[in-house]
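Read the numbers this way: they start at 1 and go in the same order the structure lists the ligands and their atoms.
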Amino acid sequence: MDTLVSLSKRRGFVFQSSEIYGGAGSVWDYGPLGVELKSNIKRVWWRDFVQRRPDMVGIDASILMHPTVWKASGHLDHFTDPMVDCRECKLRFRADHVDALPWTHYCPATKGNKFTIPAGEPCSHCGARRTLCPDCGKGELTAPRQFNLMFKTFMGPVEEDASIAYLRPETAQAMFVNFENVLQSMRLKLPFGIAQAGRSFRNEITPGNFIFRTREFEQMEIEYFVNPNDRVDGRPADEHWHDRWIEDCLAWFRRYGLAEDSLRLREHGKDELSHYSKRTVDIDYRFPIGWSELMGIANRTDFDLKQHAKWSGKSLTYFDEERKEHVVPYVVEPAAGLDRALLAFMADAYREEEVRGEKRVVLRFHPELAPVKVAVLPLLKKRDDIVRTARAIRDELARQWRVVYDDTAAIGRLYRRQDEVGTPYCVTVDVQTVGDTDKGESADGKVTIRDRDSMEQIRVPADRLGAVFGDLLGGQNWAEAAARVGRG
Ligand code: ATP
């Protein structure tokens with residue numbers, strides 16, 4: 001994780017928020033490459049799950065909503081974590097996380113010497129187990145108290161109870177609240193889904209692990225409404241679609257690069273199911289901090305629509321033409337975290353390799369996710385015609401893709417820099433491309449494309465670059481593209 005944090009800062013992926021003031025607690029800023037990577041993940045997710053599917057539509061709702069939304073959804077009453085405070089140092093911990101922390105111990109068997117003991121283990125000198133604050137090792141912990149994770153603010157000029165509003169802790173509720181609007185305006189038939197990607201806020205007690213758990217983050221959520229009276233392949237429709245979404249989401253993460261053996265499904269036990277859920281399955285990823293939740297896929301039944309119907313007094317039903325009856329749809333919710341997805345893609349892409357006795361750091365991003373698609377590099381920056389040609393190629397390719405020009409180092413160094421940020425292809429312009437009149441050598445108009453992963457190179461007429469990158473960035477693999485170029 002430390003390697004990723006330092007690479008992120010050094011190469012402009014992620015910075016600590018307000019760093020010059022000492023940083024703000026568990027919020028992060030995406031830098032020039034991070035913002036490209038993040039928006040690529042979001043765009044590809046939207047394209048695959050919304051644009052390409054006939055049964056999906058999207059919305060983009062406000063972060064601030066009517067406060068009753070959170071009463072109806074259960075967040076005001078249930079969106080809490082148990083927390084304990086240290087009476088000495090005042091640090092606050094999630095009660096269910098304390099035993100997972102290494103703990104500080106002043107050991108009586110060694111004249112009160114201070115030790116840091118691994119999580120869950122007893123002191124090897126005196127055999128004691130942790131009872132006090134794991135951090136300072138001195139203070140007693142309070143009994144657990146419930147702490148609501150929603151950020152509170154005020155709407156309007158007066159700070160009074162009547163004007164309390166909350167920053168949304170999930171995007172999902174906007175899909176339920178807008179169910180009727182979307183259903184009517186788009187004339188939809190069940191099953192259909194509403195998607196949204198946007199910011200959510202949670203005042204997490206123990207945030208951390210870089211962008212894994214933060215107080216402000218982005219979610220990509222889908223609410224997929226099904227008719228609970230329908231059956232598919234002999235099973236209730238909600239159960240069928242729940243399994244379909246689990247498979248589709250898992251396949252999506254694999255398609256964009258996450259290793260098969262770093263992904264697993266985790267079924268929630270009955271005791272940990274949320275108050276609304278009939279069944280929840282997490283997709284876990286093997287993060288640098290260990291196996292943790294990447295996304296959750298819950299069968300929320302008709303809980304939310306019924307709750308909002310009750311609290312708003314509006315009917316939130318669907319008319320089943322076949323059975324001539326109004327039904328409250330069930331909903332399957334695939335909910336992913338964008339920042340967590342970015343961390344997973346980055347961790348999975350990171351490789352340290354040895355090339356001709358030297359270390360090469362490379363981010364093997366899927367080309368669709370890579371922040372920069374192509375870097376155009378002049379082999380000799382003293383030659384005006386080479387620089388001019390390289391810049392013109394960059395400008396032409398940049399009409400379609402994020403393409404950079406760089407001439408600030410020797411070519412080997414420039415390649416390494418692009419490898420480190422995951423740029424899948426480099427184009428070099430050399431003397432042969434533009435010719436050398438002094439030596440009587442004519443221009444061949446060809447440039448070299450270098451593939452990040454194999455480091456192989458092919459020579460291509462410069463005026464065919466658009467078509468070649470159209471193929472390569474559109475999913476054709478390097479070997480096929482190279483063979484095609486070879487065939488002319
Ligand atoms: P966790 O158990 O890790 O707190 P959760 O089960 O509460 O997560 P959900 O409410 O299911 O999370 O939210 C869906 C997704 O949103 C999560 O799988 C995760 O990817 C992302 N997410 C939730 N909380 C955070 C956070 N504090 N920081 C970053 N991403 C988050």
Side-chain angles (χ1 to χ4, degrees), residues 1 14 17 24-30 34 38 41-42 45 49 70 73-75 78-83 93-97 100 147-151 167-176 195-224 242 245-246 249-250 252-253 258 263-269 271-287 289-300 303-304 331-347:
M1 188 70 110
V14 184
S17 164
S26 284
V27 275
W28 298 85
D29 295 344
Y30 288 89
K38 192 163 125 173
I41 298 170
K42 198 162 34 171
W45 179 85
F49 287 128
W70 308 113
S73 70
H75 282 83
H78 298 292
F79 197 55
T80 54
D81 275 342
M83 53 150 214
F93 306 91
R94 246 174 83 165
D96 52 338
H97 284 181
F147 171 75
N148 196 296
L149 300 186
M150 282 196 293
F151 278 96
L167 301 188
R168 68 180 178 199
E170 61 173 33
T171 62
Q173 295 307 318
M175 275 82 104
F176 302 126
Q196 180 173 208
R199 298 218 173 220
S200 294
F201 301 80
R202 296 182 187 178
N203 199 3
E204 301 274 6
I205 302 168
T206 43
N209 291 318
F210 193 33
I211 52 173
F212 179 82
R213 185 182 303 285
T214 53
R215 295 201 165 103
E216 174 177 347
F217 53 98
E218 275 191 70
Q219 292 185 304
M220 305 184 294
E221 295 197 290
I222 291 168
E223 304 305 324
Y224 196 76
H242 194 187
W245 276 106
I246 295 167
C249 292
L250 198 55
W252 189 84
F253 281 110
L258 297 193
L263 286 164
R264 70 171 187 200
L265 295 178
R266 194 182 72 82
E267 189 92 29
H268 280 216
D271 52 332
E272 63 172 322
L273 279 183
S274 311
H275 57 280
Y276 50 73
S277 175
K278 169 169 161 185
R279 178 185 171 218
T280 297
V281 174
D282 286 346
I283 296 182
D284 283 359
Y285 176 71
R286 201 195 325 224
F287 285 94
I289 49 169
W291 286 102
S292 308
E293 176 181 334
L294 174 59
M295 73 174 292
I297 302 142
N299 181 344
R300 295 176 79 123
F303 175 84
D304 303 271
V331 68
V332 172
E333 176 191 75
L338 176 52
D339 312 74
R340 265 189 212 180
L342 185 145
L343 181 60
F345 283 123
M346 214 167 169

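- Using modelled atom types, one side-chain atom of Q196 and one backbone atom of T171 make a donor-acceptor pair closer than 3.5 Å.
- Proximity of D339 to ligand 1, defined as any heavy-atom pair under 4.0 Å, is not found for any part of the residue.
- Residue E204 approaches ligand 1 through these ligand atoms, each under 4.0 Å from one of its heavy atoms: 24 (N), 26 (C), 27 (N).
- Both tests hold for R340 against F212: distance to the six-membered ring centre under 6.0 Å, angle to the ring axis within 45°.
- Residue, atom and distance of the protein heavy atom nearest to atom 28 (N) of ligand 1 are T214 N, 3.0 Å.
- Residues I246 and L265 are in side-chain contact: their nearest non-hydrogen atoms beyond the backbone lie under 4.5 Å apart.
- Atom numbering of ligand 1 starts at 1 in the shown order; those under 4.0 Å from a heavy atom of F212 are 28 (N), 29 (C), 30 (N).
- Each of W70, F201, Y276 was compared with H75 under the ring pair (Phe, Tyr, Trp, His ring centres under 6.0 Å) criterion, and only W70 meets it.
- For ligand 1, the polar-atom distance check finds no N/O of F217 at less than 3.5 Å from any of the ligand's N/O atoms.
- Between H268 and R279 the shortest side-chain heavy-atom distance does not fall below 4.5 Å.
- Taking any N or O of E293, backbone or side chain, at least one lies under 3.5 Å from an N or O belonging to ligand 1.
- Each of the atoms 18 (O) of ligand 1 lies under 4.0 Å from some heavy atom of M295.
- Between D339 and E218, some side-chain heavy-atom pair lies under the 4.5 Å cut-off.
- Contacts with ligand 1 closer than 4.0 Å are made by heavy atoms of both the backbone and the side chain of R213.
- Every residue meeting the ring-ring contact (aromatic ring centres under 6.0 Å, His included) condition with F303, not counting sequence neighbours, appears here in chain and number order: H275.
- The aromatic rings of F210 and W28 lie perpendicular to each other, with more than 60° between the two planes, well past the 30° mark.
- The protein heavy-atom contact nearest to atom 20 (O) of ligand 1 is L294 O, 2.8 Å.
- In terms of protein heavy-atom proximity, atom 19 (C) of ligand 1 is nearest to R340 NH1, 3.5 Å.
- The option from R202, E170, Q219 that lies nearest to atom 12 (O) of ligand 1, judged by heavy atoms, is R202.
- For a threshold of 3.5 Å applied to N or O pairs, the pair formed by G337 and ligand 1 contains at least one separation below that value.
- Side-chain contact check for T280 and S277: at least one donor-acceptor pair (N or O, by modelled atom type) lies under 3.5 Å.
- Near A335, with a cut-off below 4.0 Å to any heavy atom, the atoms of ligand 1 are 14 (C), 15 (C), 18 (O).
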